[in-house]
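Note that the structure is a prediction, hence the values are computed from the model and not measured. We count ligands from 1, going down the list as the structure has it; atoms in each ligand are counted the same way.
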Amino acid sequence: MGDMAGSVREIVDNVGLAREMTMVGNYENAEVYYQGSLQLMSRFILNISDPIRKTKWQQVQKKVGIEYQEVKELKALLETFKLECNTDVPIGVRRRDNIPLDTGSESTYGITDPDVWPPPTPVDHGILARSNALKTKPINSRRSEGGKKTQPSRVSSSSTTRRSDIGKITSRITKKEDRPSSSKSERNVDAVKERQDSESTDKVGDKIEEQEEKKFECNGMERELADVLERDIVQKNPNIRWDDIADLHEAKRLLEEAVVLPMLMPEFFTGIRRPWKGVLMVGPPGTGKTMLAKAVATECGTTFFNVSSSTLTSKYRGESEKMVRLLFEMARFYAPSTIFIDEIDSLCSRRGSESEHEASRRVKSELLVQMDGITVNNDEPGKIVMVLAATNFPWDIDEALRRRLEKRIYIPLPTLDGREALLKINLREVKLDPDVNLKSIARKLSGYSGADVTNVCRDASMMSMRRKICGLRPDQIKQLPKEELDLPVTTRDFEEAIVKNNKSVSKEDLDKYEKWMNEFGSS
Ligand code: ADP
C-alpha cells in the first residue's frame, strides 16, 4: 500500500511538472515529463486488482495521453511556422475540469476529489478577463487619484490597459476550448496567429511598459489557485465604514493605529516600531469583528482578502498550503493589503478525523512561515500586509499562532450607549412612533450582542405588518395598500420583539473571555 501511495505521488508530481512546463512554453521538458508519467501510470495500472479502480486509472491515463499528444502537436506546429521560439511564452493548455473525477483516494493536481473541487463549470470569460487585467495592470493605475487603491473588481475588463501575452493567449485558448466546433489544430493555429498579431501591434512600447508593469505572475496549477483567490477571496467591495459600526471606539482606534498610521508615516514605523504582524480580534459572536475588518479595508483603501480558515482546510484540501502561500504572495503584490482570517481557531482545532487535523496542521505551519515573512516585506516602507484574525474561541488557539498575532484585542458586547447607537443605525430607514424611547429600549437590551440587537430591530419593524396580515388569505394580503403595512414601529413592537429574541451570550462565556484576555490580551 505504501508503494502504491509512493507511485501515485510520483505520477502526480510528473503530471504536475509536465503541465507546468507546458504552461511556461518549455515543450521539450514537458514531453519528457508526460512520457515519464505515462510510463509510471502503465506500471501502476498493472498492479491494480480492483477492476473499477483500474478502469478509472485507464481513463486518467488516456486523458493525460491526449494532453501529451496536444503538446506534441503544438510543438510541431510551432516548428512549421518557423517561429523564433520564445520559451517564455506560456500557453494555456487543458483545464483541470477536463480530468475525470474520483479515482479513489488519491486526490491532487488534476486527479480531483469531487468532495473538494466543484464539478466543472463553464468558463466565465468576464472573470477570466478581469483576473488577467488585474494581474497585468500596472500597480500605479490601480490607485485612484486620491492615492487609494481601487478594489480589483473595479478593474474593468474593457480596460484600455494592454494585456500581457500571457493573459491574451491563456484566455483566448480557454475560449477556444469551449467552442466544440474548432479542432485542436485550429485552436493551435489561432493561438499562434493571435500571438503574432499581438506581437506586432504591441511591440512598440513593449520595452518601456515591461519595465513599468508589475504583474502578478504564476504558473500552472498556481495560476488556477490564483484565479480562485481572486474570484472568491479578494473581497470586491466591503463597503463598511467606521460610522456603520456602533461603539467599539477603542477597537477602531487600535486598528487605525495598527494599519493606517504605518501607511501614512512608514519611515516612523521601522525597527522596534515596525507594524504589528497580526491583530487578533477576540470576543463573543455577533459583536462586529467581521464588520471591523471590512471597515479597515474600506477606510484604509487596502486590498481586502477575506478568508475563513474552514475554507482553507476543507474546500481546497490538498492545495491548502499552496493556497496560503499564494494568498500572501498576492497580498504582498497588491500591498497595502489586509488579510482577514475568520474563525482562526479552527486551524488549531483537534476536532474531526486525523486527516482533517493533518491538513489544518500543514496550513497552520505555512501560515506561521508566511506571517514571519511579513516582517521582511514591511521593511519596504508603506507596503503593509496586515493579518487580521477573528475568533470566538481564543482558548483553542495554540501558542505559536498566538505569538504571531501580536496585538490581541477584545471586542466586547455593546455598552448602553453602543446599544442605543446600534438601534439608531439599524432603524435608519424605519419610521418610528414618536413615543419610542431608544435609550430605554437599549437599557432593556443589556447583555445583547450587536447581532442580537439587529435581530430585535428586524423583528420589531415587522410586527405591525404581521398583525395586519394575520388570518388573511394570500389574495387579500396582496390587495392591502402599502401604507397600511408600513406603519411606524411602536414601543409595544419592541417589547414583543425583545420577548421573542433572547440574548445569545451567557455570563459564563463572558467570564471565559475575560479570563483569557487577562492572561493573553494586549491592547
Ligand atoms: P462577528 O464577526 O463578531 O461574529 P459580525 O461583524 O459578523 O460579528 O456582525 C454580525 C451582524 O451584527 C452584523 O451584520 C451587524 O448587523 C450586527 N452588528 C454587530 N456588531 C455591530 C456593531 N458594533 N455595529 C453595527 N452592527 C453590528
Requested in this report: Output the list of atoms in ligand 1 that are nearer than 4.0 Å to some heavy atom of I245, sorted by atom number.
Outcome: 22 (C), 23 (N), 24 (N)
Query raised in the report: At a non-hydrogen distance cut-off of under 4.0 Å, which region of T454 contacts ligand 1 (side chain, backbone, both, or neither)?
Result: side chain
Query raised in the report: Side chains of R467 and D493: closer than 4.5 Å at any heavy-atom pair?
Result: yes
Query raised in the report: Which of the atoms in ligand 1, numbered in the order shown and given with their element, are less than 4.0 Å from a heavy-atom of D244?
Result: 24 (N), 25 (C)
Query - Spatial distance of atom CG (L422) from atom CD (E420) [nearest 0.5 Å] - result: 10.5 Å
Report summary line: Honestly, for L248 the part within reach of ligand 1 (heavy atoms, under 4.0 Å) is side chain
Query raised in the report: Out of A246, G286, A390, P285, whose heavy atom sits nearest atom 19 (C) of ligand 1?
Result: G286
Requested in this report: Find the distance between CH2 (W516) and CG (D396) and round it off to the nearest 0.5 Å.
Outcome: 11.0 Å
Query - Mutual orientation of the aromatic rings belonging to W395 and Y513 [parallel < 30°, tilted 30-60°, perpendicular > 60°] - result: tilted
Requested in this report: Would you verify whether the NZ or CZ of R273 falls within 45 degrees of the ring axis of F268 while also being under 6.0 Å from that six-membered ring's centre?
Outcome: yes
Query raised in the report: Would you say N392 and ligand 1 have an N/O pair spaced under 3.5 Å apart?
Result: no
Name each donor-acceptor pair under 3.5 Å that joins a side chain in residues 411-418 to protein atoms two or more places apart or in another chain, with its distance.
{"residue": "T415", "atom": "OG1", "partner": "D247", "partner atom": "OD1", "Å": "3.4"}
{"residue": "T415", "atom": "OG1", "partner": "D247", "partner atom": "OD2", "Å": "3.0"}
{"residue": "T415", "atom": "OG1", "partner": "G418", "partner atom": "N", "Å": "3.0"}
{"residue": "D417", "atom": "OD1", "partner": "K439", "partner atom": "NZ", "Å": "3.2"}

Query raised in the report: Under 3.5 Å between some N or O of ligand 1 and some N or O of M291?
Result: yes
Query raised in the report: Considering only heavy atoms of L422, which atoms of ligand 1 have at least one such atom less than 4.0 Å away?
Result: 21 (C), 22 (C), 24 (N), 25 (C), 26 (N), 27 (C)
Query raised in the report: Does T290 reach ligand 1 with a nitrogen or oxygen that is under 3.5 Å from one of the ligand's nitrogen or oxygen atoms?
Result: yes
Requested in this report: Could you check if a side-chain atom of F328 sits within less than 4.5 angstrom of a side-chain atom of L367, using non-hydrogen atoms only?
Outcome: yes
**Report entry** Nearest-contact summary for atom 11 (C) of ligand 1 - protein heavy atom, Å
**Finding:** A451 CB, 4.1 Å
